[in-house]
Amino acid sequence: MVSDHPIQYVKGVGPGRSKLLQRLDIKTIEDALYYLPSRYEDRRNIKKIRELNYGSLETTMGEVVGIEVTTTPRKGIKIFELTLMDSTGVLKAKWFNQPFMKQYFKHGQRVILSGHVKSNAYYGIGIEMESPEFEIIKDEQDRLIHTGRIVPIYRGTEGLSPKQLRTIMMEVVVGHIDEIKDFLPEEIRLRNSLMPLGEAIKNVHFPEDASIEELNRGVSTAHRRLIFDEFFILELGLSMIKRGEDIERGITFKAESPLVRALLERLPFKPTKAQERVFDEIRRDMAGPTVMNRLMHGDVGCGKTIVALMSMLLAVDSGYQAALMAPTEILAEQHYLNIHHMIEALGLKAALLTGSLKERPIQDIAEGSTQIVIGTHALIQEGISFKKLGLVIIDEQHRFGVIQRASLRKKGFNPDVLVMTATPIPRTLALTLYGDLDVSTIDELPPMRHGVETKVLFSSQKERIYSLMRQELEKGRQAYVVYPIIEGSEKVDLKSAIEGAKAFQQIFQRRNVGLIHGRMKPGEREEIMASFKAGKIDILVATTVIEVGVDVPNATVMVIVHAERFGLAQLHQLRGRVGRGGHQSYCLLVAYPPMGDEAKKRLKVMEETSDGFRIAEEDLIIRGPGDFFGTRQAGIPDLRAANLIRDIRILEAARREAFAITDKDPGLKAYPSLRDAIKHKWQGRIDLIRVS
Ligand code: ADP
Ligand code: MG
């Protein structure tokens with residue numbers, strides 16, 4: 001691997017600058033080599049002053065012929081003015097309120113300026129730049145590094161300018177490029193038409209021959225090599241985690257389950273083809289010789305809960321216990337509320353277990369008389385002992401990272417694991433964030449589902465909301481109204497659920513208005529939910545506690561107040577609470593301007609489509625991968641050169657190569673430098689010993 005030597009010992013760095021470099025996360029030579037330019041400037045043919053175009057962002061170079069600080073007559077603002085000249089003309093540059101800049105310059109110096117070109121504001125003749133970026137070219141060496149080529153512009157920090165960074169980078173690249181060992185097996189490199197690593201790193205910093213436009217988009221040939229590497233190392237790690245979990249287990253599940261049959265007989269519907277197929281995939285995993293690690297995803301309302309329940313029953317039939325873990329207490333309560341009757345009707349015992357519950361059925365779980373436990377993940381962390389835990393279902397929304405999942409096993413459990421997401425996940429995330437799992441997709445909604453008619457309204461159109469609600473309530477249907485916050489405060493000017501409940505009770509005096517939010521005690525919440533389910537409450541005013549898991553088919557109206565404040569996945573999830581019972585349903589998104597561009601886009605997507613797969617992709621594009629991904633948090637290596645949306649093709653290629661290589665050689669015995677690279681980039685988080 002590339003040298004771990006401290007950056008301090010690079011020529012021109014020293015202790016002072018190495019402290020500054022640390023702020024940019026550059027501690028070693030390798031860190032520096034992987035610190036990529038944020039953009040590039042084409043200085044192969046620097047324009048003459050006379051060639052500059054008004055209004056454009058331009059770069060030029062000239063000799064200092066004027067240095068002056070002036071003061072505006074009325075406001076007394078100090079302006080630093082620099083005048084440059086070349087063989088074709090004169091250019092002025094101005095900086096406001098920075099008189100100290102005077103000390104940086106001397107007559108006769110050569111200076112590069114980059115900025116927007118304007119005509120002289122005062123006289124209307126001559127050209128000038130306001131607060132341009134500047135670089136002083138001191139000597140011949142400077143000229144060689146900073147001009148006559150495409151130059152990298154690095155994000156600097158106080159005390160370390162882009163130009164100084166470029167000088168350091170030149171030193172690092174020239175001095176250490178030969179130490180870079182290419183860890184990528186030659187045949188993979190050639191098959192994917194990739195540059196050797198050293199060449200790629202050199203060219204990403206000091207491009208020899210590339211289009212400036214490709215460089216600035218981060219897709220030059222050199223970039224492509226680094227992008228491939230990031231994905232390849234990521235996928236190689238995921239494939240090793242996956243194989244490390246292909247452990248034989250003592251457990252064997254039956255392939256046939258009387259409990260599942262009994263459940264299906266009681267259901268008022270037949271499973272869809274997609275539900276059957278996915279349950280089959282799960283069943284095959286569970287009956288197989290190695291531990292299951294599977295992701296189940298699908299659109300809101302596709303019926304994941306039943307499939308999860310069937311899987312749990314299969315485990316119980318084989319003599320094991322099953323647990324369903326949710327990310328929050330409220331979600332756990334919801335799941336419990338939704339399924340415990342079905343479980344009990346089959347003669348089994350179900351329990352709810354969350355941190356805040358006083359009565360915890362710990363004894364029954366330990367003895368095994370409770371077969372199905374629903375709770376938060378405290379359920380495993382707090383060392384609750386199960387008699388025979390065979391299956392864990394994790395219900396999550398991007399909250400549980402790769403490494404956390406792996407650490408589940410280290411707690412001494414070795415159950416089958418089924419991860420279930422609330423909404424579909426885009427393909428890029430399936431390949432990365434969940435890339436160590438096998439994926440099952442429920443790609444079909446139950447029949448008789450009406451689409452939910454969705455409309456964006458403004459706060460001034462309240463009457464339309466009320467009249468729609470009136471119409472539906474008169475038919476015997478029910479409505480949800482969701483607010484972003486529980487209680488109003490002076491700091492945020494948002495409508496709140498508590499105020500909302502009062503207002504709706506005023507307007508609908510003969511109706512029963514209920515209120516539910518996260519600050520209520522669990523018991524109270526359960527009661528409210530139960531009476532809404534039983535039809536005793538007509539209008540349920542809520543916060544996002546009802547986002548997931550709530551299942552009341554008679555509800556046909558979803559009003560979301562301050563819809564501009566919610567994320568796309570959340571809006572889609574909330575909308576999914578209606579349209580579940582074969583009645584035409586409605587979703588009103590009430591927006592309070594002013595709205596940002598992103599909020600407008602989100603609401604437009606909601607009006608346009610109810611396809612959760614499309615919404616998930618749009619969400620990823622609007623928010624950008626960083627928000628979703630948080631690689632640090634997920635425990636997987638950073639992506640610097642790669643972009644999950646733009647580079648999906650490269651991701652797929654890298655994944656194919658990674659899985660193929662660990663297929664042949666799970667411990668990477670024949671590839672020692674690749675092994676080192678994995679260890680290094682995943683920082684020891686992958687247990688290489690277990691796979692070799
Ligand atoms: P989600 O995948 O969003 O969690 P749920 O599991 O909550 O969906 O199911 C949504 C609703 O559809 C529930 O009321 C459930 O009972 C019902 N349902 C599930 N499967 C079917 C089916 N095959 N046919 C009809 N209704 C179904
Ligand atoms: Mg659900």
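Small disclaimer: the values here were computed from a predicted structure and weren't measured. Remember, it's 1-based here, ligands and their atoms both numbered in the order they're listed.
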Step through the shown structure and confirm whether more than 12 heavy atoms of other residues, nucleotides or ligands are within 6.0 Å of [atom1] on [X].
X	atom1	value
R565	CZ	no
Q584	CD	yes
K475	NZ	yes

Ligand 1 atoms in contact with [X] (distance to a heavy atom under 4.0 Å):
X	value
V300	3 (O)
T305	4 (O), 5 (P), 6 (O), 7 (O)
T272	23 (N)
K270	22 (C), 23 (N), 24 (N)

Under 3.5 Å between any N/O of [X] and any N/O of ligand 1: does that happen in this structure?
X	result
P553	no
P446	no
Q275	yes

With the threshold set at under 4.0 angstrom, would you say [X] reaches ligand 1 through any of its heavy atoms?
X	answer
G576	no
P271	yes
G298	no

task: Answer with yes or no whether the side chains of H562 and E564 bring together a donor and an acceptor at under 3.5 Å.
output: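 Note: E564 and H562 side chains meet the donor-acceptor criterion.
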- request: Mind checking whether K304 contacts ligand 1 via backbone (N, CA, C, O), side chain (CB onward), both or neither, at a 4.0 Å heavy-atom cut-off?
  value: both
task: Examine distances only and state if a side-chain atom of R525 and a backbone atom of G518 form a donor-acceptor pair shorter than 3.5 Å.
output: yes
- prompt: If every non-hydrogen atom of F566 is compared with every non-hydrogen atom of V482, which pair is closest and at what distance?
  reply: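 Taking F566 first and V482 second, the nearest heavy atoms are CZ-CG1, 4.2 Å.
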message: Testing the basics here: between L515 and M520, what is the closest heavy-atom pair and its distance to 0.1 Å?
response: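 For L515 versus M520, the nearest heavy atoms are O-CE, 3.1 Å.
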query: Hey, would you say the Y480 and F532 ring centroids sit under 6.0 Å apart?
result: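 Yes: the rings meet the under 6.0 Å criterion.
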